[in-house]
Amino acid sequence: MKNENEATPTGMPGCSCDGLRQARADAAAKGREIARLDAAVEYLQSRIAAIDVINGVPMVRVLDGDGNEVLRGWYTRHENRQPSVIDDELRVVDVDHLVLHDACADWGMPRKLIATRVTPPHTIEVIA
């Protein structure tokens, strides 16, 4: 009967050559999987960096009357009605200044896009 603590050809107690080969194969497979995941993360990070900021679309913050930041997002101007091509102009009340921002959500859940109208005494400050 063989003692489990006896030295084997690998020099390790209780370890066979087949077990060592399998362990090496498993480690190599895990190494390949880790390398594949690292490459995927690097690719995704490069794609995120590419879409993080679009030139010409300003990131803004909305300040209240006291100068405190109350919201941060992306500025857009919205015309509330289509002007006629015949003797018609937009009035001040026909234009909204909006800040687009994300709603809150649970981890891993989709977030909705919210357009918030900015009106006095709040002001918009461009930050990027």
Side-chain angles (χ1 to χ4, degrees):
M1 186 188 272
K2 187 173 182 179
N3 182 352
E4 287 182 23
N5 293 327
E6 248 180 55
T8 60
T10 63
M12 297 171 50
C15 183
S16 69
C17 291
D18 291 337
L20 184 59
R21 283 189 201 102
Q22 184 61 43
R24 285 181 179 158
D26 290 347
K30 286 181 183 177
R32 286 190 299 273
E33 180 67 14
I34 289 170
R36 188 181 69 76
L37 290 173
D38 285 344
V41 166
E42 186 176 327
Y43 170 78
L44 289 174
Q45 286 175 338
S46 71
R47 297 296 297 156
I48 289 170
I51 62 172
D52 194 23
V53 175
I54 300 173
N55 291 334
V57 179
M59 184 170 203
V60 298
R61 61 184 180 175
V62 177
L63 306 175
D64 63 11
D66 297 328
N68 300 314
E69 182 176 322
V70 293
L71 183 65
R72 188 176 285 229
W74 302 95
Y75 173 77
T76 188
R77 177 181 178 268
H78 175 68
E79 296 176 358
N80 295 321
R81 69 176 182 88
Q82 179 64 45
S84 171
V85 295
I86 303 171
D87 200 28
D88 189 13
E89 292 182 9
L90 290 173
R91 301 176 309 242
V92 172
V93 296
D94 294 331
V95 177
D96 282 333
H97 299 281
L98 306 171
V99 174
L100 301 173
H101 58 97
D102 295 317
C104 294
D106 289 335
W107 292 107
M109 298 301 291
R111 297 193 305 181
K112 293 184 178 185
L113 185 63
I114 299 173
T116 300
R117 181 181 303 133
V118 179
T119 58
H122 292 81
T123 58
I124 297 173
E125 181 181 274
V126 177
I127 57 176

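One-based numbering along the sequence shown.
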Exercise. Could I get the full list of salt bridge (Lys or Arg N to Asp or Glu O under 4.0 Å) partners for Arg32, not counting sequence neighbours?
Key: none
Quiz item: In terms of side-chain geometry, is the basic nitrogen of Glu33 or Lys30 positioned less than 4.0 Å from the acidic oxygen of its partner?
Solution: no
Exercise. Please report the closest heavy-atom contact between Val95 and Asn80, naming both atoms and the distance.
Key: N-ND2, 4.1 Å
Quiz item: Any chain of hydrophobic side-chain contacts (each under 4.5 Å) joining Ile127 to Leu63?
Solution: no
Quiz item: Listed by chain and number, what are the salt bridge (Lys or Arg N to Asp or Glu O under 4.0 Å) partners of Asp64, not counting sequence neighbours?
Solution: none
Practice problem: Quick one: list whatever passes salt bridge (Lys or Arg N to Asp or Glu O under 4.0 Å) with Glu79, sequence neighbours left out. | Solution: Arg77
Self-check item: Distance, nearest 0.5 Å, that separates CG of Leu113 from CG of Leu100
Solution: 5.0 Å
Quiz item: For the residue pair Ala105 and Pro110, what are the closest heavy atoms and their distance?
Solution: CB-O, 3.5 Å
Quiz item: If Ile, Leu, Val, Met, Phe, Trp and Tyr residues are connected whenever their side-chain heavy atoms lie under 4.5 Å apart, and connections chain through other members, are Val126 and Val70 in the same group?
Solution: yes
Exercise. Please list, chain by chain and in numerical order, all residues satisfying salt bridge (Lys or Arg N to Asp or Glu O under 4.0 Å) with Glu69, sequence neighbours excluded.
Key: Arg61, Arg72
Practice problem: Indicate yes or no: at least one non-hydrogen side-chain atom of Asp102 is less than 4.5 angstrom from one of Ile114. | Solution: no
Exercise. Following the transitive rule for hydrophobic clusters with a side-chain heavy-atom cut-off under 4.5 Å over Ile, Leu, Val, Met, Phe, Trp and Tyr, establish whether Ile124 and Leu71 coincide in one cluster.
Key: yes
Quiz item: Can you list every pair that meets ring-ring contact (aromatic ring centres under 6.0 Å, His included) and has a residue in residues 79-105, with sequence neighbours left out?
Solution: Tyr75-His97
Quiz item: With a 4.5 Å heavy-atom cut-off, do Thr116 and Leu98 have their side chains touching?
Solution: no
Quiz item: Residues two or more places apart in sequence or in another chain: which of them pass side-chain hydrogen bond (donor to acceptor under 3.5 Å, both in side chains) with Asp26?
Solution: Gln22
Exercise. Identify the two heavy atoms, one from Leu90 and one from Arg81, that lie closest to each other, and give their separation to 0.1 Å.
Key: CD2-O, 3.8 Å
Self-check item: Between CD1 on residue Ile86 and CG on residue Asp88, distance to nearest 0.5 Å
Solution: 10.0 Å
